[in-house]
Amino acid sequence: MDILHKLRSYREEENSLKWEGTFAEYLDIVKARKEVAQTAHSRVYHMIKSAGASEKDGQKVHHFFGGEIFGLEEAIDRLVEEYFHPAAKRLDVRKRILLLMGPVSGGKSTIVTLLKRGLEQYSKTDEGAVYAIKGCPMHEDPLHLIPPELRDDFYEEYGIRIEGSLSPLNTMRLEKEYDGRIENVMIERILFSEDRRVGIGTFTPSDPKSQDIADLTGSIDFSTIAEFGSESDPRAYRFDGELNKANRGIMEFQEMLKLDEKFLWHLLSLTQEGNFKAGRFALISADELIVAHTNETEYRSFIANKKNEALHSRIIVIPIPYNLKVSQEERIYEKMISDSDMAHVHIAPHALRVAAIFSVLTRLKVSKKQGIDILKKMRLYDGENVEGFNRVDVEELKKEFQDEGMSGIDPRYVINRISSAIIRKEVPSINALDVLRSLKDGLDQHASISKEDRENYMNYIGIARREYDEMAKKEVQKAFVYSYEESAKTLMDNYLDNVEAFCNKNKIRDPLTGEEMNPDEKLMRSIEEQIGVSENAKKSFREEILIRISAYARKGQRFDYRSHDRLREAIQKKLFADLKDVVKITTSTATPDESQLKKINEVVVRLIDEHGYNSTSANELLRYVGSLLNR
Ligand SMILES: Nc1ncnc2c1ncn2[C@@H]1O[C@H](COP(=O)(O)OP(=O)(O)O)[C@@H](O)[C@H]1O
Ligand SMILES: [Mg+2]
């Protein structure tokens, strides 16, 4: 469909959503679909719920945030279950300001933006539909028209509790425009839109001296005073502050704790009593979700200030730490890059992964648990299997530090370093080493890193580098062997046959000649030596493997070369050792001969076709691995 068609159908869709009618007609809608009268908090909660949820590794995953927020499943679930869910049930938390607290660039604003954009879309659906008194700048809830004396009766008939009183402006309009006939007041369906300032607001603190409370609560419209005769005529007031406009929906408070106190007190009353004061009018009822965000330092100094005590108790804090999963961190970078002007640049395989390894390491705290180094912890957090540890251990690790993930390197720093690596290179192609180098160089310019942290971070760059060396070697190795899996499997089967014969003191039968032979000691040792199994230890090593195999068999599972970490490592190293010389010679000769050239070209083609490289990065990889092997 071309864009003009799309424009037309977009307009048609918007038009089809339009509805207006009298209050009497609106009550029919309420009767049929109670959800149109839900509170702002309830609407947000149902929006999140309507996107669905699933469970992964015992953790609830809310799909509403899927594809945009990565690795924060726990924090998000806490946000939903500790705030949105009870708030939707009109419990007291609803009367508190939601404060997302976390380190810089940890996704707080992104979460709020998702909620805002989501609510705009949701208000276009049947379940999320919102209605308001027509012509009201605050899109006031039509049910406010029901006088307090009749609200118990209304509850009896409709099962809906009405909160808040009719605003001064609509009280006056009811008299002047409708002659007091509530049933005739015109109601319309509204669609939330931040651009049009309907139901979604954002407030950013500016210079405290010049910031005006009118930004929040509106102001007198002096041009109309003459017409209406007095400043206290609500028609001479512009209810166009951010709090007015966000009524029924969401109001985002950026950097809330930087705000002047007098602003905060307005918020206090709004959240606590559900109303705020504007101009010379009676209190104005508002129903909106107030969400603010801040970093930990600001939060700490805020609560340290005695003057803020009352406010403090009106805030519910949900920590939003950095993501701690390497694979999710890679996805964050992918998303940020595809949203940036670097989207056309070739980023070699593993480049983002090594950056992710580095950042996650800077965020982790070193565990005091036995036998767990930071690299193992990193793997466990990412859901990898680490021999000797299980899910329970992971849960324990997570509980060891309360504030893990609240510090370290942020995603934006990484993206900035990647972009500066790109600028430095002539070709639009960067690899893992370029990224690591750039991350390292950047540490010197990073003002807020302490000397101690810098040392640790340098160390983590080293770890990430070593991880990369392994990945790079493996990658080249795989590209050299036609089918890596196949070779690994064959070698493994061969080894296991021999081990079995050795332990059971049997002979082994040659598959071709049928001849009986002794187990091939040389082959077994050549594999075991790869992981340092000594001559004395070989017997127990082999027996342990046999026990493993039978344990697998009992459970009806297949034992393959991935089932045993050390054995897998041994097989990989052995395969690589066999190949090493070939690779070494082919990748590091300055003037390769014809057959070497042919082999290199084949490998380059395979790296490009099957492993995601381009010709620049494939050649860089080969050169690097060549140099590693010649060390
Ligand atoms: N866990 C995450 N999942 C997805 N994107 C993230 C995550 N953490 C940070 N980002 C990305 O990093 C950048 C900064 O995030 P932002 O939401 O502005 O952070 P904050 O408001 O906490 O400072 C954004 O591009 C955001 O998409
Ligand atoms: Mg932010």
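Every heavy atom of this structure was used, including side-chain atoms; hydrogens, water molecules and symmetry mates were not. Whatever order the structure lists them in is the order used to number ligands and atoms, beginning at 1.
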Below 3.5 Å, N or O to N or O, backbone or side chain included: is there any such pair between Lys108 and ligand 1? yes
With heavy atoms and a 4.0 Å threshold, my read on which part of Arg331 contacts ligand 1 is neither
Within-cut-off N or O pair, Gly107 and ligand 1, under 3.5 Å: yes
* Indicate whether any N or O donor in one side chain lies under 3.5 Å from an N or O acceptor in the other, for Thr616 and His346. => no
Please tell me whether His46 and Glu35 have a donor and an acceptor in their side chains that are separated by less than 3.5 angstrom. no
**Item:** Side-chain donor or acceptor of Arg454 paired with backbone N/O of Leu443 under 3.5 Å
**Value:** yes
The closest protein heavy-atom partner of atom 4 (C) of ligand 1 is Glu68 O, 2.9 Å
Decide, counting backbone as well as side-chain atoms, whether Ser109 has an N, O or S atom less than 2.8 Å from the Mg ion (ligand 2).
-> yes
Examine ligand 1 and decide if any of its atoms is less than 4.0 Å from a heavy atom belonging to Gly102. no
Donor on one side chain, acceptor on other, Asn431 and Ser617, under 3.5 Å:
no
Note: ligand 1 atoms sitting under 4.0 Å from heavy atoms of Ile69 are 3 (N), 4 (C)
Ranking Leu100, Thr113, Thr110, Asp410 by closest non-hydrogen atom to atom 16 (P) of ligand 1, top hit is Thr110
In ligand 1, the atoms that come under 4.0 Å of a heavy atom of Ser105 are 8 (N), 9 (C), 14 (C), 15 (O), 19 (O), 20 (P), 22 (O), 23 (O)
Practice problem: Indicate yes or no: at least one non-hydrogen side-chain atom of Arg189 is less than 4.5 angstrom from one of Val130. | Solution: no
- Which of parallel (below 30°), tilted (30 to 60°) and perpendicular (above 60°) describes Tyr299 and His312? perpendicular
Lys335 heavy atoms within 4.0 Å reach ligand 1 at atoms 4 (C), 5 (N), 26 (C), 27 (O)
Requested in this report: Report yes or no: do Asp441 and Ser438 form a side-chain donor-acceptor pair below 3.5 Å?
Outcome: no
How far apart are the C-alpha atoms of Arg90 and Glu163, what are their side-chain angles, what is the distance that settles it, and do they pass the salt bridge (Lys or Arg N to Asp or Glu O under 4.0 Å) test?
CA-CA 11 Å; Arg90 301 193 183 216; Glu163 284 175 43; 2.7 Å; yes
Under 4.0 Å between heavy atoms, the region of Ser109 that gets near ligand 1 turns out to be both
If we number the atoms of ligand 1 from 1 as shown, the ones under 4.0 Å from a heavy atom of Leu72 are 1 (N)
Exercise. Do Glu467 and His350 get their side chains close enough for a donor-acceptor pair, meaning under 3.5 Å?
Worked result: no
Nearest heavy atom to atom 1 (N) of ligand 1, choosing from Tyr322, Phe65, Tyr333, Phe70, belongs to Phe70
Under 4.0 Å between heavy atoms, the region of Met336 that gets near ligand 1 turns out to be side chain
Ligand 1 atoms nearer than 4.0 angstrom to some heavy atom of Pro411 are 9 (C)
Notebook entry, point to check: Going by atom types alone, do Glu475 and Tyr613 pair a side-chain donor with an acceptor below 3.5 Å?
Noted result: yes
The protein heavy atom nearest to atom 7 (C) of ligand 1 is Ile332 CD1, 3.6 Å
